[in-house]
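Just below is one structure, and these are the notes that go with it.
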Amino acid sequence: MKRGALDPMIEIDLDGQKVEITEGSMIMHAADKAGTYIPHFCYHKKLSIAANCRMCLVDVEKAPKPMPACATPVTQGMIVRTKSDKAIKAQQSVMEFLLINHPLDCPICDQGGECQLQDLAVGYGGSSSRYEEEKRVVFHKDAGPLISMEEMTRCIHCTRCVRFGQELAGEMELGMIHRGEHSEITTVLYDTIDSEVSGNMIDLCPVGALTSKPFRYQARPWELSRRKSVSPHDSTGANLIVQVKNNKVMRVLPLENEDVNECWLADRDRFSYEALNTEERLTQPMLKQGGEWKPVDWQTALEYVANGLRQIKADNGAKSIGTLASPHSTVEELFLAGSLMRAMGSENIDYRLRNAQFAQAEGVRWLGTSIASLSNLQRALVIGSNLRKEHPLFAMRVRAAVRKGAVVSSIHDVEHDWAMPVKNKLIAHAGQWVQALADVAASIGAQKGVKAPVDGNENEQGKAIAQSLLSGERKAILLGNAAAHHASASSLLALANWIGEQTGATVGYLTEAANTVGAQLAGALPGAGGLNAGQMLRGELKAVLLLNTEPQFDAADGRAALAGLNKAQMVVTLSPFKANMDISDVLLPIAPFTETPGTFVNAEGRVQGFHAVVKPAGEARPAWKVLRVLANMLGLPGFEYESAQDVLAASRGAAHVQAGAVQGNVLGNASSAAIDLSPTTGRPAAAAIYQLDSIVRRAPSLQLTADAKRANAMASASTQTAVGVHS
């Protein structure tokens with residue numbers, strides 16, 4: 001519970017210790033502040049108070065009976081005893097009650113070793129049971145591919161999972177039915193749990209009722225080593241605990257960081273690790289010979305690449321060589337890829353495979369505010385984003401702001417369900433977004449008596465969005481993935497910047513990938529005379545290096561990208577997976593984020609480094625090492641790096657990749673003359689939630705979810721339409 005700095009303070013006596021706490025707080029909050037542990041199950045600092053487990057009963061002086069610490073407000077001079085005989089006996093009675101129907105199957109329970117009930121039963125449980133009747137049995141449920149509800153008899157009805165869905169995920173997928181001994185937690189009409197943040201229910205469950213289906217029966221907690229890391233997927237940069245056994249990633253859990261991901265993870269952060277252990281992994285270099293793939297050693301593969309690059313440069317010039325890189329690659333990898341190209345005399349490097357416009361950037365495209373501030377917004381306008389699916393943890397923060405009274409508006413071409421009230425929705429074809437934003441600007445200009453940068457039409461939707469942004473205090477205009485990839489992206493940004501200036505709102509991009517900001521800072525962009533990603537994908541290169549990317553899925557037009565790359569004389573793929581096999585001549589196995597040290601810069605410009613948590617699979621090598629050795633074999637100067645830290649230090653000197661690097665940069669403020677109101681054709685590219693990168697695309701459980709099935713069905717229908725097949 002967060003209180004304002006000016007809220008009145010009161011003092012209570014807690015186990016003989018004086019504790020000062022804000023008025024309206026609960027005894028549990030005072031205990032937390034004092035560092036006193038009170039046993040509990042249903043209480044959680046991020047959820048509303050339910051007070052239904054009663055494990056936190058304490059002795060309050062003058063109260064006729066023990067009181068629940070989580071739901072008893074403090075009063076001036078209150079005397080609370082958490083360890084008196086009265087409190088302890090009440091807690092022991094509750095524990096006996098909870099264990100009456102519990103199956104006591106710790107030896108085969110997946111939660112064994114990290115179970116709150118098990119831990120507290122040691123201190124508060126009896127050595128024997130007075131209960132002789134048969135225990136109740138609750139029928140198991142099929143909740144989908146991620147969460148196991150096979151042992152719901154273990155459930156103690158704390159309702160944490162219910163409250164999480166209702167309050168934080170925005171969708172009440174679980175609820176309690178019946179009463180008394182017949183109560184049980186279940187899905188509505190036995191549906192599956194389809195939320196994009198559903199895995200957090202596993203963490204919240206204090207017993208073994210909800211467990212991870214992919215992790216089920218794989219290992220015991222005490223067998224796992226725990227190592228810190230950073231998610232390589234969306235731009236949140238969620239902090240992770242990666243759990244490892246026998247050099248294999250077995251489970252991923254959240255590492256609490258209030259400023260980034262709080263204590264939550266999106267499901268793709270939590271379950272994508274499965275892809276790292278599949279048969280799709282590329283574990284040794286391969287060459288295509290006579291149309292067949294042959295495994296070779298590293299020396300042979302790299303000599304083939306180096307000789308090919310030398311020959312193509314000699315025949316066609318350095319400008320015929322280029323690199324297409326993924327923004328899910330690390331700062332070190334992107335910096336070295338750019339350095340390699342430039343050392344060869346080419347400026348052809350780009351990470352913007354999904355972009356339709358490649359205007360020269362005047363500043364770093366970043367969030368424009370802190371991630372934590374999203375939870376306290378009063379007004380927000382989101383342009384071109386399916387916020388809930390593209391940035392699940394950002395959506396949770398905006399949802400929290402809405403619960404506090406924030407007004408959210410959106411401009412998109414589809415009405416998505418964000419699991420939160422969106423007061424103003426302007427639905428327009430993507431080609432009309434610039435005009436739609438111009439209409440908002442015109443309404444703001446009319447209401448403030450200033451001239452808008454371009455002509456717009458006053459309409460009810462635009463006027464409502466304008467009025468929203470002109471009111472309130474903490475405001476943000478957020479450009480989504482589709483806005484960043486739009487054919488008129490610079491016009492959208494120019495209008496957003498003008499609106500931000502007039503309304504006092506921050507302006508920023510949600511940014512698509514784990515290292516979109518880092519890619520800009522590391523120089524993974526074409527220099528003077530260099531080709532952008534669109535030009536390279538059209539087939540204007542003779543030699544192409546594909547760093548951790550699959551153009552078939554990562555480009556704005558996958559089929560056209562494959563056709564363009566097929567024109568090249570040599571295509572080299574650096575990937576952890578068997579990727580691009582139809583268009584490549586060489587496959588070089590590189591380490592994914594769990595097998596290499598590296599650095600990501602998230603949407604707010606936070607620089608986060610991580611270490612390898614397991615050894616590389618087979619003969620895979622960190623991409624920075626592969627690029628360094630390739631540069632050495634080409635005889636290029638300046639590639640004497642001994643470690644990833646050396647590469648990062650060099651990137652900091654060259655591109656200012658450091659903590660808070662983007663804070664001094666502004667989003668390029670294009671002039672009104674650059675705003676083009678002409679409608680565009682086509683729809684901007686935006687990856688589906690489980691198609692974002694090569695890892696999530698290969699995670700088996702994620703691909704069985706309702707979101708993945710829906711996206712795959714839509715992609716299939718789109719492909720059929722494109723080739724003239726109609727259902």
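Ser195 places a side-chain N or O within 3.5 Å of a backbone atom of Val197 that can act as its donor or acceptor partner. Gln502 places no side-chain N or O within 3.5 Å of a backbone atom of Lys448 that could act as its donor or acceptor partner. A donor-acceptor pair under 3.5 Å is absent between the side-chain atoms of His485 and the main chain of Ala482, judged by distance alone. Here the side chain of Asn515 pairs no donor or acceptor atom with the backbone of His328 at under 3.5 angstrom. Glu173 places a side-chain N or O within donor-acceptor distance of the main-chain N or O of Asp194, the cut-off being under 3.5 Å. Of the possible donor and acceptor atoms, one in the side chain of Arg365 sits under 3.5 Å from a partner among the backbone N and O of Gly363. When atom types are taken as modelled, the side chain of Ser468 and the backbone of Ala464 share no donor-acceptor pair closer than 3.5 angstrom. With hydrogens and angles disregarded, a donor-acceptor distance shorter than 3.5 Å links the side chain of Ser491 to the backbone of Asp676. Looking only at distances, no side-chain donor or acceptor of Arg163 sits under 3.5 Å from a matching main-chain atom of Leu47.
Remark: Lys46 engages Glu258 in a salt bridge, criterion side-chain N to carboxylate O under 4.0 Å. Salt-bridge annotation for Arg268 and Asp707: absent, with no side-chain N of the basic residue lying under 4.0 Å from a carboxylate O of the acidic one. Taking a cutoff of 4.0 Å between a charged side-chain nitrogen and a carboxylate oxygen, Glu171 and Arg399 do not qualify as a salt bridge. With respect to Glu458 and Lys463, no salt bridge is recorded, no charged nitrogen being found less than 4.0 Å from a carboxylate O.
Distance CG/Leu702 to CD1/Ile689: 8.5 Å, rounded to 0.5 Å. Distance CG/Asp554 to CG/Leu353: 6.5 Å, rounded to 0.5 Å. The CZ atom of Phe164 sits 14.0 Å away from atom CE of Met172, with the distance rounded to the nearest 0.5 Å. Taking CG of Leu387 as the reference point, atom CZ of Phe394 lies at 9.0 Å (rounded to 0.5 Å). Here the straight-line distance linking atom CD1 of Ile49 with atom SG of Cys42 works out to 9.0 Å at 0.5 Å rounding.
Residue pairs satisfying the ring pair (Phe, Tyr, Trp, His ring centres under 6.0 Å) criterion with at least one member in residues 431-452, sequence neighbours excluded, are listed as follows: His412-Trp433, Trp433-His486.
Ile185 places a side-chain heavy atom less than 4.5 Å from the side chain of Cys161. Looking only at side-chain heavy atoms (C-beta outward), His44 and Cys263 come within less than 4.5 Å of each other. You'll find the side chain of Leu174 stays beyond 4.5 Å of the side chain of Thr159, heavy atoms only. Contact check for Leu367 versus Val517: no side-chain heavy atoms found under the 4.5 Å cut-off. Contact check for Arg379 versus Arg474: no side-chain heavy atoms found under the 4.5 Å cut-off.
For the residue pair Lys475 / Gln378, no side-chain donor-acceptor distance below 3.5 Å is found, with atom types taken as modelled. No side-chain donor-acceptor contact under 3.5 Å links Thr599 and Gln608. Side chains of Ser198 and Asp267: a donor-acceptor N/O pair is present below 3.5 angstrom, by distance only. A donor and an acceptor atom, one from each side chain of His157 and Asn52, are nowhere located under 3.5 Å apart. Residues Lys404 and Asn376 have side chains that bring a donor and an acceptor to within less than 3.5 angstrom of each other. Using modelled atom types, one finds a donor on one side chain and an acceptor on the other under 3.5 Å when comparing Asp439 with Gln435. Residues Ser235 and Thr511 bring a donor and an acceptor atom of their side chains to less than 3.5 Å of each other. Defined by atom type and a distance below 3.5 Å, a donor-acceptor pair is present between the side-chain atoms of Asn200 and Arg270. Side-chain atoms of Ser48 and Glu167 form a donor-acceptor pair, as typed in the model, at a separation below 3.5 Å.
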If you apply the rule salt bridge (charged side-chain N to carboxylate O under 4.0 Å, His left out), what do you find for Asp203 with Arg160, and how did you get there?
CA-CA 10 Å; Asp203 295 340; Arg160 280 184 178 184; over 6 Å; no
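The distance between the ring centers of Phe593 and Phe600 does not fall below 6.0 angstrom.
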